[in-house]
Structures are given as C-alpha cells and as structure tokens.
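These notes are about the structure you will find just below.
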Amino acid sequence: MSEETALDYGFFSFASKAEMLEKSKVFWNPDKTSFWSESGVPLVIDRREDYFIYDVSGKRLIDVHLNGGTYNLGHRNAEVVQAITVAMQHFDIGNHHFPSLARTALAEALVSSAPASLTKVIYGSGGGEAIDIALKTARHATQKRKIVSIVKAYHGHTGLAVATGDDRFSKLFLSDQPEDFPHVPFNDLEAMETALRGRDVAAVIMETIPATYGFPLPEPGYLEAVKALCEKYDALYIADEVQTGLMRTGELWGITKHGIEPDIMVTGKGISGGMYPIAAVLVSERCAGWLNEDGFGHISTFGGAELGCIAALKALEVTSRPETRSMVHYIADFIGRGLREIQSTYPDWFVGIRQNGVILGLEFAHPQGALYVMKRLYENGVWAIFSTLDPRVLQFKPGILLKPEVAEELLDRVEVGIAKARHDVLSDGRGVRR
Ligand SMILES: Cc1ncc(COP(=O)(O)O)c(C=O)c1O
C-alpha cells in the first residue's frame, strides 16, 4: 500500500496517511506528531495481532515496546478478546459506587497472587491514577505528607504521581513540589537514609527496576535495604510494579524476587490485557484504614470498570500459568544470549545490556544512541523505544509469549539495525531530532 492510499475504516476515513498526519497536527498533538516523523518513525498503527503491529502503509513491525508491558500477552490476545466479547453480552462499565461482581472477583484474585502483606484492592482507570491512590493512601495511613522517590523516577503524569518524577514533566505544568516530594539518587542508600531520618516521610515509592530511566538494575541488596530503612523510620514502601510486574522478571511480581513485602503495590498496563483500561492498588491492612473510615474517599467512574476487571482476570490467569513462566525463562535466556553475541561484535558502540527476565535496557555509546538505534530498527521491522530519561538506553521488552521463531527473527533484525545505527553515528552523527 502506498503512502497515498486512501484510509477508509468505515467509522472514519482519511484521503491518505499524509492527510491523516496533517490533521493529527491540527486537531491532536502537533509536537508529538512531528517528533515521530522527524525521528524516522512515521508510524500510524493499523492492524495489530500477536507481537506484530502494522503501519497503515502495510509495513510490519515486531513490537518490543509493548507500551511498557501493556501488550505482554500480545496484541488482541485471543483469550482476552474472547473473555471481554462474551462479557459484553452481560456487563458494561458498571456503577462504581456499588459492590460489584467483577470488581470483587478480580480483587480476590489479585490478593491471592500477591505478597501476603497485601490484603485489599483499590481500582483506578490507569497507572497514574493508581499511583495517586497509593500516595494518598500512604499519607492517610501515616498522617505524614512527604513522599520520597528516586531522581529520574517515572510514575505517571497525574497530580501527585508527576511530582514524584523528573522535572521535565512536572515543571511544564508548575507541578513540581520539591518540599513534599524529595528525590534521591538511585542505588544511593546514604541519600535515602538522609531523606528518611527526620521521620516525616509517609512513603518511599520505588519501581522495582526504573523503566523510563532505562532499566538500571538495583544493586544487590539495595531494595531490601530501602525497605529496612522504611521500617526503621516508619515510612511505607510502595512498589510500583506497573512495568516490572506480570511475569516480566520471570516472577509474577518483580518485588517478590527481593523477598520484600511492600505496604502498597501498584499494577497497571498489562493487567488490562491490552484491551480495556484498568489499574489496581493493593494495600496492607494498615493502609486500608480509609476504606473503613470513608469508602467514598477516592471516587473514579471508570476505576475498576467491570469489563476491565474481566479483561484483567483473564490476563492474570494466562500470565500466571506455569507454561507462561517457563516461556519467559526460555525467551530471556535466548534473547540475552543473542544480544550478548551482537554486543561482542560491536563492543565500542553497544556498550551494555541490563537484563532481568524479559526486561532489557540496551546501552549505546552516544548520549542519544537509542534514538539512532530506534530509527534503524524501525526501518528494519522492529519497534523499540528509547528511554525518555536516559536516551543512551533502548528499552527492549520482548513479549512473555513470544514464539521462538519470532525471537530468532527479532535478533537477526536487531543486529542489522544496531550495525547501521553505529555507522550513522560514526559517519555524520545526523538523523535524530533530540
Ligand atoms: C512505572 C510506571 N508507573 C506508572 C505509570 C503510569 O501509568 P499510566 O500511563 O497508565 O498512567 C507508568 C507509565 O508508563 C509507568 O511506567
């Protein structure tokens, strides 16, 4: 299909891809629309199935972005689609004020799947809202206001969540609050202890592996020591498992690999099965106080939408199967070995591999190296995104049900893309916008 072909979907139509992109700038988001075209990724996703997405031109891409794990189980996973298709004959979003069949069933399933410290579930419609719920809950439980996060953290863009993250996003909307939201360097226990010593901190919020920072791995014992400091200074530990949960580390919840029983745990993205937005906050009995005191304390019309709960129940069931776990171990090993081989061919350019299960960050020897690689991978049929808060690092997130033959094809394509990006940087350094 050419770029000039008309795009007619019945629900809407455009004269061509170019016309659609023009309208996207006019009516949607001019900067974001231009950014992708200028970065060499003029993608407008059309068909999607399994771990493949197709541009409207027909170009096929293997998806190793997965929107941070939203498509852990592949695009339009047949079992999830089947579950919500059947459910739509009976359910809709539901009424968020009332006890609900689907919300209760999912809450029970989530609690059974999680560390024993977590006993109740509060729903949001997306990860940012769920993080806000987690922070509000921590403040209520401790009657303290301060929240500690790491430098270059990313927990979403809602009111409280955005204040835990990098200035890039909070300052734009005058939402940085350094007094109440101190940030400390990752893997720095002294800085963490200094931040907690005053005993005025409600909670430390920590991704088990910080995704948007390029998946730098916690040093052995770091997260465990942070949890111990939280206990010492009476702060709560919030595990953000939005990207690291749901088997991506080879365990259902990444935090259990560290033997940590968090006070609060947040899940989002993949729990939706990629089909119906939903997010959830799991809390301990100590943190559940407001649910007894004023159950209307957090209200969200779409939070815990019943169709979302049904998608999530199916996603959780598929993800928890023993064969899914074995698949993740197999893919992690296969991809890890393949990438190390590629790395040994280009050690001056492809300088590091961060890996825990199928969570991978690939480091390149240029401040914006991952933008070069992203562009060349796109041309070569792979969609992987740079790390916004450290663009040297490419986020590389293979699906947890990836078939071995696709994994093999992926590695072949990645090798070519990495070699070409190296050449781009060595020859003229052009080709990326920022
Ligand atoms: C670790 C983490 N937490 C929270 C969020 C926010 O989720 P959402 O985009 O659904 O609001 C994200 C989104 O990328 C994330 O990566």
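Order of appearance sets the numbers: ligands from 1, and atoms from 1 within every ligand.
At a 4.0 Å cut-off, not a single heavy atom of Glu129 sits close enough to ligand 1 to count as contact.
In the vicinity of Lys269, heavy-atom distances shorter than 4.0 Å reach the ligand 1 atoms 12 (C), 13 (C), 14 (O), 16 (O). Of all atoms in ligand 1, numbered sequentially from 1 with element shown, those under 4.0 Å from a heavy atom of Gly127 are 6 (C), 7 (O), 8 (P), 10 (O), 11 (O). Near Gly128, meaning under 4.0 Å from any of its heavy atoms, are these atoms of ligand 1: 6 (C), 7 (O), 8 (P), 11 (O).
If you look at His183 and Phe186, their ring centroids are not closer than 6.0 Å.
Distance from atom 2 (C) of ligand 1 to its nearest protein heavy atom, with residue and atom name: Asp240 OD2, 3.4 Å. Among all non-hydrogen protein atoms, the one lying nearest atom 16 (O) of ligand 1 is Gln243 NE2, 3.0 Å.
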message: Is there a side-chain hydrogen bond (donor to acceptor under 3.5 Å, both in side chains) between Glu285 and Thr119? Walk through the geometry before answering.
response: CA-CA 6 Å; Glu285 274 311 301; Thr119 56; 2.7 Å; yes
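Between the side chains of Asp63 and His75, at least one donor N or O lies within less than 3.5 Å of an accepting N or O.
Looking at every heavy atom in both residues, Ser284 comes nearest to Leu118 through N-CD2, 4.0 Å.
Salt-bridge annotation for Arg337 and Asp333: present, with a side-chain N of the basic residue lying under 4.0 Å from a carboxylate O of the acidic one.
In summary, of the residues considered (Lys257, Arg248, Glu251), a side-chain hydrogen bond (donor to acceptor under 3.5 Å, both in side chains) with Asn356 occurs for Lys257 alone.
Between the choices Met206, His155, Glu207, the shortest heavy-atom distance to atom 5 (C) of ligand 1 belongs to His155.
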